[in-house]
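I'd like to ask some things about the structure below.
Counting convention: from 1, in listed order, for ligands and their atoms alike.
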Amino acid sequence: MSDTALSAHTPRVFSGVQPSGGLTLGNYLGALKRFVETQESGTETIYCLVDLHAITTWQEPAKLRHATRELAAGFMAAGIDPARSILFNQSQVSAHAEMGWAFNCVARMGWLNRMTQFKDKAGKNRENASVGLFAYPNLMAADILTYHATHVPVGEDQKQHLELTRDIALKFNHDYGVDFFPVVEPVIEGVATRVMSLRDGGKKMSKSDPSDMSRINLTDDAATIAQKFRKARTDPEPLPEAPEELEGRAEARNLVNIYAALADTTPGAVLAEYGGQGFGTFKPALADLAVAKLAPINAEMARLMADPAEIDRMLGAGADRAAALAHPILEAMFGIMGMVRSRQQ
Ligand code: TYM
């Protein structure tokens, strides 16, 4: 990472979450919780509900609308303050799609062919995947670069997309002989950058997993959370005394990491307390901790969802602020590319 590339750009954080299905504990620990910490650090923060990304796979319109509002409620319930962070849904700011098109013309087919997430999501049915699903990482680059964002907090699974964002910024700057787009810094930090499925320690926790028992949803009630942790797959050994001894025990490590992330501590500290004990003790303790942390978020989400008009108003106001930042950057990009831009704005 060259410091000179960043030095010209003031620190600005951007990240996005898809409003497809509900929020999982993976989204919460890998993204939302960290978004709140970043907001609290005083950096300028922009958070986007990426509805244009969601439609790369079929979304039932009424469900998408509901999921977008519920996601907005989840952000606010987790601690995002729309007065301090910009919170909005992507389709209300047209700059994203416009810059995304330009990046379709910058990125190379070969780059996108290497994206593992496309391969995973399209599966064996590549011929039938939408063009949008293939070009998705270009839109993601546009989300970030239309704000000249410098730092992007995400979970581990987004790393490759952020590398592509850097490649797009560098190629644009090179092709047009400018130092226009910042080369973004992925921020993949903490113990919960890859929360794994509760049924299979080799798979990430995901809202698209067919088994609901594989994940904790932010909308799960206390009894469901307790049941899911009780049934979580583990091995018969007691917990070890040190994190290194979790090597080769993916399920055990996942539960320890989840505990550490929820308790704002380290796996070492968790094992100092629970090392030598069996899952019969650890799982109920983990469930109690998760319920204590998630129940207030859950309740606040329900309260906010009772007034969808207020959520929509907040998203509209956030989109106005986002558009005001994005518009001049989009205009400057089109200018660099040689587009005539002569409308009186
Ligand atoms: P999405 O909606 O799949 O996930 C949102 C965020 O949650 C993180 N995450 C996880 N972290 C830890 N463990 C897990 N099991 C887990 N599952 C999900 C993701 O890494 C992500 O940070 N392409 C993005 C959305 C996006 C975006 C952007 C992100 C669109 N434009 C611009 C950053 C910047 C996505 O599908 O995330």
Open item on the list: Quiz question: by atom type and distance under 3.5 Å, do the side chains of S85 and Q39 form a donor-acceptor pair?
Closed with: yes
Task: Side chain proximity check, R230 to Q227, heavy atoms < 4.5 angstrom - done: yes
Open item on the list: Less than 4.0 angstrom from a charged side-chain N to a carboxylate O is my criterion; do D209 and K204 meet it?
Closed with: no
Task: Any L164 side-chain heavy atom under 4.5 Å of I168 side chain - done: yes
Open item on the list: Could you work out, with side chain to side chain donor-acceptor pair (under 3.5 Å) as the rule, every residue matching N27, not counting sequence neighbours?
Closed with: T24
Please tabulate, one line per pair, the protein N or O atoms found under 3.5 Å from any N or O atom of ligand 1, giving the distance to one decimal.
unit_1, atom_1, unit_2, atom_2, d
ligand 1, 2 (O), Q18, N, 2.9
ligand 1, 4 (O), N27, ND2, 3.3
ligand 1, 7 (O), N27, ND2, 3.1
ligand 1, 11 (N), G26, O, 3.3
ligand 1, 13 (N), V195, N, 2.8
ligand 1, 15 (N), V195, O, 2.8
ligand 1, 15 (N), M205, O, 2.9
ligand 1, 20 (O), G155, N, 2.8
ligand 1, 20 (O), D157, OD1, 2.4
ligand 1, 22 (O), G155, N, 3.2
ligand 1, 23 (N), Y136, OH, 2.5
ligand 1, 23 (N), Q158, OE1, 3.0
ligand 1, 31 (N), D143, OD2, 2.6
ligand 1, 36 (O), Q18, NE2, 2.9
ligand 1, 36 (O), Y136, OH, 2.6

Open item on the list: Tell me if a side-chain donor or acceptor on R12 pairs with a main-chain N or O of H151 at a distance below 3.5 Å.
Closed with: no
